[in-house]
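First the proteins, then the strands, lettered A, B, ... as listed; each starts at 1.
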4 protein chains.
Amino acid sequence: MGSPKQRIVETTFDLFSKQGYNSTGINQIIAEAGVAKASFYQHFKSKEDLCVEFLNVRHEYWFKELIDFSSQAEDLQNQLIKAFDFLIYMNEKEHFRGCSFLNILSEIPADNIKILSVIQSHKSDLRNYFLELLKDDALSDHIYMLFESSIIESQLFKSNELIEKSKQIVTNLIY
Amino acid sequence: MGSPKQRIVETTFDLFSKQGYNSTGINQIIAEAGVAKASFYQHFKSKEDLCVEFLNVRHEYWFKELIDFSSQAEDLQNQLIKAFDFLIYMNEKEHFRGCSFLNILSEIPADNIKILSVIQSHKSDLRNYFLELLKDDALSDHIYMLFESSIIESQLFKSNELIEKSKQIVTNLIY
Amino acid sequence: MGSPKQRIVETTFDLFSKQGYNSTGINQIIAEAGVAKASFYQHFKSKEDLCVEFLNVRHEYWFKELIDFSSQAEDLQNQLIKAFDFLIYMNEKEHFRGCSFLNILSEIPADNIKILSVIQSHKSDLRNYFLELLKDDALSDHIYMLFESSIIESQLFKSNELIEKSKQIVTNLIY
Amino acid sequence: MGSPKQRIVETTFDLFSKQGYNSTGINQIIAEAGVAKASFYQHFKSKEDLCVEFLNVRHEYWFKELIDFSSQAEDLQNQLIKAFDFLIYMNEKEHFRGCSFLNILSEIPADNIKILSVIQSHKSDLRNYFLELLKDDALSDHIYMLFESSIIESQLFKSNELIEKSKQIVTNLIY
DNA sequence: GATGAATGAGTGTTCATTCAT
DNA sequence: AATGAATGAACACTCATTCAT
């Protein structure tokens with residue numbers, strides 16, 4: 001079952017992804033991880049600290065999944081479409097819970113720069129992902145923004161409709 | 001100074017806009033509104049109820065401000081650009097706090113359809129706003145998505161950079 | 001049984017007097033007072049606040065008891081001796097727990113001026129009590145210091161020995 | 001920098017002197033001493049044990065300082081005055097934190113005889129110090145009590161005023 | 001219509017101590 | 001002799017809500 005710290009991290013991953021940050025208490029985490037409260041604080045000095053750890057783990061996980069999902073694409077256009085299909089895949093898998101990073105952005109006070117900077121860093125990496133594919137920062141930011149909207153609007157309407165529309169727009173853009 | 005109910009609504013508007021939903025307690029609201037706790041529950045049967053009221057008020061306010069801001073545009077293109085300039089204006093005014101509706105979307109459990117439907121309704125109205133301007137649902141949704149990204153990304157990076165980029169894209173799109 | 005607030009104050013009086021400040025938790029207080037935790041925080045915004053209230057109540061109580069005890073003295077000398085006899089009476093009654101004010105002085109961080117000033121105020125009143133009796137501030141401070149030592153040394157040695165010695169000294173001093 | 005045990009003892013000396021017993025946690029001690037938690041419990045079976053060790057170390061330190069400070073006095077009267085000057089010196093040095101022994105007396109439950117007896121022993125030695133100087137137990141206890149008050153009142157009022165008054169009284173007493 | 005007192009269930013965090021290695 | 005991980009119990013405090021008046 002792994003060490004207590006591992007169990008905390010895994011449980012946190014599930015619960016923060018599913019319920020969000022504020023709705024998930026330390027009590028629930030330690031209960032489901034089967035760990036004593038003081039053991040939790042041996043490894044994380046605060047809930048905020050745990051949040052940073054979660055975002056880092058989620059960052060690794062999310063990008064790995066994205067790469068895995070879109071890597072076998074034959075050409076650039078196909079790879080971009082696959083990126084949007086990845087969102088559909090994730091929506092199915094995670095029941096339209098949206099982006100953990102943007103959700104937490106909405107949950108924290110605006111002056112929490114510790115967490116904010118981790119979120120910014122994640123999204124900068126995503127922006128760079130599109131930039132490196134397209135070598136054109138006007139175009140890549142355009143697609144990045146459609147990508148971001150796709151996540152949020154599908155979370156909002158519990159539907160992949162606007163992801164599909166984005167795929168159509170992207171197809172037109174890169175020909 | 002208005003009636004107790006009015007004072008609650010006004011205070012809630014300020015606090016939810018500034019601090020978000022979960023970070024604003026009933027106690028703070030009634031304290032700043034100068035109203036007794038039981039008086040609050042006379043007018044709103046729960047915090048969730050107050051949230052619905054807030055979203056409705058915010059909806060009215062936000063659209064009125066948008067229309068006021070963009071109404072004196074000479075042509076369609078100008079009016080669309082003004083819509084994005086409105087976001088810059090609001091970011092300045094509200095310190096990059098983003099969209100109250102999307103923020104609350106991230107704060108509530110996914111199964112809270114009462115609040116969810118109010119948020120969906122607001123965003124549907126916005127989608128319709130662009131549709132009625134453009135009479136072309138592919139184009140209008142494209143711009144709607146850039147608009148939504150513009151809000152979120154400027155909240156995330158505390159910068160209007162991607163709003164400016166969106167304005168450029170929109171300019172290109174409608175010629 | 002009195003209102004919840006009254007029950008909290010009475011229970012706090014007993015427990016702080018007996019066990020001291022740090023050794024008495026909010027949980028014990030509310031349990032013994034038969035009051036909900038949130039009810040406690042309705043009346044006192046923090047444990048520190050409760051401490052101030054306790055010290056005020058204790059101040060009133062202690063001085064009233066002192067006056068009651070020493071009031072029927074025939075002359076000045078007798079009244080001073082009675083004051084020291086009062087310490088013996090209190091030691092018997094409270095099992096040599098010493099002075100609540102000085103005990104709490106030792107329990108709080110040195111920079112807690114909110115509580116410190118209440119303690120200083122109490123002791124200034126006591127100093128004044130002797131000054132008004134004796135109209136001679138050298139003599140009255142001398143006796144005040146013997147009085148303070150009497151409290152502390154009897155707490156330390158669980159004995160009234162040095163109180164008795166002080167009575168002898170005082171007797172010699174004022175003839 | 002010395003053995004782990006030495007480092008613990010030295011760190012404890014600083015922290016207990018500065019912050020008191022209850023406000024100083026084991027965690028802070030081992031962190032500042034640079035020692036593992038289990039190492040701590042190898043040398044001290046409980047925090048109470050550490051407290052006893054601290055009081056013993058403090059006893060040695062305090063008396064050595066007192067003797068050093070007052071030894072070069074020409075006569076008895078001067079030596080007594082020097083003892084009170086020592087209190088002023090210590091107040092300056094330790095910022096009016098008072099007597100570690102009396103502070104801990106106030107922090108522990110009344111039935112902790114293990115610690116209580118160490119404190120009693122320290123104060124008995126102090127009483128004896130004055131007795132051996134003066135060879136008159138009425139007079140020496142009188143001065144002992146002024147000495148004790150001097151410590152406490154200067155801690156309480158963050159002032160050496162009553163120490164100076166005590167010096168005056170003592171001067172009068174021994175002529 | 002308006003109130004202030006009261007609440008049960010929860011929050012995140014820290015305590016001194018013990019364990020297996 | 002030395003360690004770092006693990007713990008149960010307690011800490012002070014806050015939440016949205018209800019009740020009697």
Side-chain angles (χ1 to χ4, degrees), chain A residues 3-8 21-31 33-51, chain B residues 3-5 7-8 21-31 34-51, chain C residues 3-8 21-31 33-51, chain D residues 3-5 7-8 21-31 34-51:
Chain A
S3 71
K5 175 161 185 177
Q6 260 182 297
R7 297 202 307 271
I8 290 169
Y21 178 59
N22 283 317
S23 300
T24 305
I26 297 290
N27 285 331
Q28 190 184 6
I29 291 172
I30 61 166
V35 160
K37 197 169 277 194
S39 301
F40 172 85
Y41 281 96
Q42 192 106 35
H43 298 290
F44 303 96
K45 68 182 239 297
S46 67
K47 194 189 179 187
E48 191 189 8
D49 242 52
L50 178 66
C51 185
Chain B
S3 70
K5 177 163 182 175
R7 296 203 307 273
I8 291 168
Y21 178 58
N22 282 318
S23 300
T24 306
I26 296 290
N27 283 330
Q28 190 185 4
I29 292 172
I30 62 165
V35 160
K37 193 163 278 190
S39 301
F40 172 84
Y41 281 95
Q42 199 114 30
H43 295 293
F44 303 96
K45 69 183 241 294
S46 68
K47 194 188 179 186
E48 192 190 11
D49 245 51
L50 178 66
C51 184
Chain C
S3 72
K5 176 160 184 177
Q6 261 181 295
R7 297 202 307 271
I8 291 169
Y21 179 57
N22 283 317
S23 301
T24 306
I26 298 290
N27 284 330
Q28 190 185 7
I29 291 172
I30 61 167
V35 159
K37 194 169 280 192
S39 300
F40 172 84
Y41 281 96
Q42 193 105 33
H43 298 290
F44 303 96
K45 68 183 238 298
S46 66
K47 194 190 178 186
E48 192 189 8
D49 242 51
L50 178 66
C51 185
Chain D
S3 71
K5 177 163 182 176
R7 296 205 306 274
I8 291 168
Y21 177 60
N22 283 317
S23 300
T24 306
I26 296 291
N27 283 330
Q28 190 185 4
I29 291 171
I30 61 165
V35 160
K37 195 163 276 192
S39 301
F40 171 84
Y41 281 96
Q42 200 114 29
H43 297 291
F44 303 97
K45 68 182 242 294
S46 68
K47 195 189 180 188
E48 191 190 11
D49 246 50
L50 178 65
C51 183

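- Proximity note for D:P4 (side chain, C-beta onward) versus F:dT3, F:dA2, E:dA2: the nearest is F:dA2.
- Taking atom CD1 on A:I8 and atom C1' on F:dA6, their separation rounds to 10 Å, with Å as the unit.
- The separation between C:N27 atom CG and E:dT13 atom P is 18 Å, rounded to whole Å.
- DNA chain E is contacted by both A:K45 and C:G34; C:G34 maps to the nucleotide lying nearer its 5′ end (nearest heavy atom per residue).
- Counting to the nearest Å, the P atom of F:dA16 and the OH atom of B:Y41 are 7 Å from each other.
- Considering only side-chain N and O atoms, A:H43 lies under 4.0 angstrom from the phosphate OP1 or OP2 of F:dA6.
- When all heavy atoms are compared, the tightest approach of C:S39 to C:V35 is CB-CG1, 3.4 Å.
- When each of F:dG4, F:dT7, F:dC19 is scored by its nearest atom to the side-chain atoms of D:A38, the top-ranked nucleotide is F:dG4.
- Heavy atoms only, all atoms of each residue included: A:I30 and A:N27 are closest at CG1-O, 3.3 Å.
- Note: CD (A:Q6) to C1' (F:dA6) measures 15 Å, nearest angstrom.
- Residue order along DNA chain F, read from the 5' end via each residue's closest nucleotide, puts D:S39 first among C:K47 and D:S39.
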Worked verdict on D:K47 versus D:F40 for side-chain contact (heavy atoms from CB on, under 4.5 Å): CA-CA 10 Å; D:K47 195 189 180 188; D:F40 171 84; 5.5 Å; no
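- Atom CG in A:N22 sits roughly 12 Å away from atom C1' in E:dG12 (whole-Å rounding).
- Across all non-hydrogen atoms, the minimal contact from B:Y21 to B:C51 is CE1-CB, 3.6 Å.
- To the nearest angstrom, C1' of E:dA2 lies 15 Å from CZ of B:F40.
- Both key distances under 3.5 Å define a Watson-Crick or G-U pair, and stretches of 3 or more such consecutive pairs in DNA chain F run E:2-21 with F:2-21.
- As rounded to whole Å, 14 Å separates atom P of E:dT3 from atom NZ of B:K37.
- Atom-to-atom distance recorded for D:Q42:CD and D:K5:NZ is 11.0 Å, nearest 0.5 angstrom.
- Note that OG1 of D:T24 is 6.0 Å distant from CD1 of D:I29, once rounded to the nearest 0.5 Å.
- Rounded to whole Å, atom C1' of E:dA16 lies 7 Å from atom CD1 of D:I26.
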